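Below, read A as the first sequence line, B as the second, and so on, with proteins coming before strands; counting in each chain starts at 1. It should be emphasised that the depicted structure is a prediction, and the values quoted were computed from it without experimental measurement. Atom set for the values below is all heavy atoms of this structure, side chains included, hydrogens, waters and symmetry mates excluded.
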2 protein chains.
Amino acid sequence: MVESSRIAAQDGLRADARRNRERVLAAARAVFAEHGIDAPMATVARRAGVGVATLYRHFPTRDALVRDAFAQQMDTCVRALTEALAAPDPWQGFQQLIETVCALQREERGFPAAFVAAFPESTSEHAQSRQRAERDFTTLVRRAQASGALRADFHPSDLAVVLLAHCGLVATLPGDGAASRRLVAYLLQSFRADTANEPLPPPTALALRSLPIAADSPQRQRAPRA
Amino acid sequence: MVESSRIAAQDGLRADARRNRERVLAAARAVFAEHGIDAPMATVARRAGVGVATLYRHFPTRDALVRDAFAQQMDTCVRALTEALAAPDPWQGFQQLIETVCALQREERGFPAAFVAAFPESTSEHAQSRQRAERDFTTLVRRAQASGALRADFHPSDLAVVLLAHCGLVATLPGDGAASRRLVAYLLQSFRADTANEPLPPPTALALRSLPIAADSPQRQRAPRA
DNA sequence: GGCCAAACGGACGATTGCGTCCACTTAGGA
DNA sequence: TCCTAAGTGGACGCAATCGTCCGTTTGGCC
C-alpha cells in the first residue's frame with residue numbers, strides 16, 4: 001500500500017509534484033514525532049520547504065496526511081501478522097507479532113498516536129483489510145491455544161488491550177524503551193499457559209517522578225469540539 | 001489536601017465566592033470527563049453558571065483547576081497507599097493498591113489525563129508528598145517480595161509502567177471497564193512470584209475495529225507549541 | 001438600612017490554526 | 001525554443017480560545 005518511488009513514477013504526477021509529496025511525508029513524520037499528530041499543518045509545510053497550499057493539495061485533510069505518513073509502518077504491522085501465521089510455532093509467531101508491533105510503536109514516535117487515531121477509519125478499503133487482519137489474528141490465537149502455549153482464556157480482543165495500553169505508555173514516556181519492553185514482557189508472560197517466570201528486561205532508570213517530557217509537552221487528553 | 005466545605009468556611013472567602021468555587025470544580029470534573037482536560041475554560045464556566053473571569057479568579061491557570069478538580073481522587077490514591085502498607089498481607093496490600101488506583105482511573109473520566117499531566121508538577125509541596133509516596137511504595141514492594149508473593153525482579157518504577165499503560169488504555173477506550181479490568185488482571189498475574197493461572201475478568205465485547213469514541217472524539221496526541 | 005470592598009460577568013483584543021484563492025513559476029511535450 | 005497545463009506559495013478571511021479589563025452587583029459588617 002505504500003507508494004515506492006517506482007510506483008510513484010507511474011502516478012501521473014509531475015516530477016516536482018512527486019518530489020514535494022515525498023518531502024511533505026518525510027517532514028510530517030519528523031514533525032509528528034516531535035510535536036504529536038496535532039502539530040500545525042503549517043509547521044509540516046515549513047519543515048518540508050513547501051507552501052501550505054501544496055501540502056493541502058496533496059493531502060486534503062490532516063488524517064490523510066497522517067495515514068500516508070505512517071503507511072509504511074502500518075504495512076509492517078500487516079506483514080508481521082502474515083509472518084506470524086507462517087511461523088512453524090504459533091506461540092513464537094504470536095510473541096513475535098506483539099513484539100514487532102510494539103517495537104514499531106516504540107521506535108517511530110508519532111506512530112502510536114496515528115495508530116490509535118487510524119483505528120476507526122472505516123474506509124471501505126481499510127475496513128476490509130482490518131477485517132482480514134482480525135480474522136488472521138483470531139486464527140493465530142486459536143492455533144497458539146491449540147498448541148498449549150497460549151492460555152485458553154486469551155481473547156482476540158485482548159490484542160487491542162495490549163496495543164492501546166502500550167500506545168498510552170510510549171505516548172507518555174516517549175523514548176523510554178525500557179518501560180515499553182518491560183510492559184511487553186510482563187504481558188507476554190501473562191499470556192503463556194505455563195507461566196514460568198522468565199527474566200525481564202531491565203527496568204527503566206526513570207523514577208516515578210521524573211517525567212520530563214510528559215507534562216509541558218505533547219500528549220494529554222484533547223477536547224475536539226466544545 | 002482537599003478543602004472540605006468545613007475548611008472552606010474558614011478560608012476568608014465570601015459565601016457567594018465559596019459557592020461559585022465549588023460549582024466550578026464540579027463543572028470542571030463533568031466537562032473534563034466529557035471533553036478531556038483540554039476543554040475550553042469557557043465551557044467549564046458556562047457549565048458552572050459563572051463568568052470566565054470568576055473562573056480565572058479562582059484558578060489562574062488550567063493546571064490549577066485540573067489539580068484542584070481531581071484533588072479528591074489524588075487523595076484517595078494516597079490513602080490507598082497508606083492502607084496498603086497497613087494491610088497484614090503485603091501482597092494483598094499491593095494488589096489492592098493497584099486495583100484501587102486503576103479503578104479510580106477507570107471510573108472518573110478525565111482523571112487519568114489529569115493524573116498523567118500532574119506527574120511532573122514539581123511544586124515543592126507536591127514533590128514532597130510524591131517522594132514520600134515513592135518511599136512508601138518501595139517499602140511495600142520490599143515487603144511483598146520478602147513474603148515471597150511478589151516476584152523478586154519487580155521494580156518500584158514498574159508502578160509507573162502499569163499506571164501509564166492503564167491510563168492510556170482508559171483514555172482511548174473510555175467506559176470500557178472490561179478492557180481495563182483485563183489489563184490489570186494480566187499484569188497482577190505477571191507480578192506474582194508463583195504464577196498460577198487465575199481466571200480473568202471477561203473480555204471486552206468490543207472487537208478491535210469498533211472504537212466508536214476514540215477516533216473523531218477526545219484523545220489523541222496533542223501539539224503544544226509549534 | 002446603608003455602605004463598601006469583594007465578587008461578578010461579559011465584552012474585548014490578541015493569538016493561533018485552518019483551509020482557500022489567486023497570481024506567479026516551471027516541467028516537459030511539440 | 002516555445003507554450004500550456006500542472007504545480008506552487010503565501011496572503012487572506014474565518015473561527016476558536018485565551019486571559020484581562022472594567023462597569024455592575026451583592027454579601028455582610030456597622
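A:V162 places none of its side-chain heavy atoms less than 4.5 Å from the side chain of B:L183.
A heavy atom lying under 4.0 Å from DNA chain D marks the following residues of residues 48-58 of chain A, by number: A:G49, A:V50, A:G51, A:V52, A:A53, A:T54, A:R57, A:H58.
For A:P40, counting side-chain heavy atoms from C-beta on, the closest listed nucleotide (D:dT8, C:dG17, D:dC18) is C:dG17.
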All N/O contacts under 3.5 Å from nucleotides 23-30 of chain D to the protein, with atom names and distances to one decimal?
from, atom 1, to, atom 2, distance (Å)
D:dG27, O4', B:R14, NE, 3.4
D:dG28, OP1, B:A15, N, 2.8

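Spacing between atom CE of B:M41 and atom P of D:dT20 amounts to 11 Å, rounded to whole angstrom units. Following rounding to the nearest Å, A:R62 (CZ) and C:dG19 (P) show an atom-to-atom distance of 8 Å. For B:D63 and D:dC18, the CG to P distance is 12 Å, given to the nearest whole Å. Spacing between atom CG of A:D38 and atom P of D:dA16 amounts to 17 Å, rounded to whole angstrom units. Separating the CZ atom of B:R23 from the P atom of C:dC8 is a distance of 10 Å, rounded to the nearest angstrom. Nucleotide C:dG17 holds its P atom 11 Å from the NE2 atom of A:H35, rounded to whole Å. Distance, A:L65 CG to C:dG17 P: 16 Å, rounded to whole Å.
Looking at A:T82, its side chain does come within 3.5 Å of a backbone N or O of A:V78 through a donor-acceptor pair. No donor-acceptor pair under 3.5 Å is formed between the side chain of B:N20 and the backbone N or O of B:A17.
The ring pair (Phe, Tyr, Trp, His ring centres under 6.0 Å) test applied to A:F70 returns A:F111, not counting sequence neighbours. Considering only residues two or more places apart in sequence or on other chains, A:R57 meets the salt bridge (charged side-chain N to carboxylate O under 4.0 Å, His left out) condition with none of them. Legend: residues meeting salt bridge (charged side-chain N to carboxylate O under 4.0 Å, His left out) with B:R47, ordered by chain and number and at least two apart, are B:E34.
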For this session: Would you check, one step at a time, whether the test ring pair (Phe, Tyr, Trp, His ring centres under 6.0 Å) holds for B:F191 with A:Y186?
Result: CA-CA 8 Å; B:F191 297 157; A:Y186 275 132; 4.7 Å; yes
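Under the ring-ring contact (aromatic ring centres under 6.0 Å, His included) criterion, no residue pair touches residues 39-67 of chain B, with sequence neighbours excluded.
Remark: B:N20 is not in phosphate contact with C:dA7, judged by side-chain N or O atoms under 4.0 Å from OP1 or OP2.
Between the CG atom in B:L81 and the CG atom in B:D136 there is a gap of 5.0 Å [rounded to 0.5 Å].
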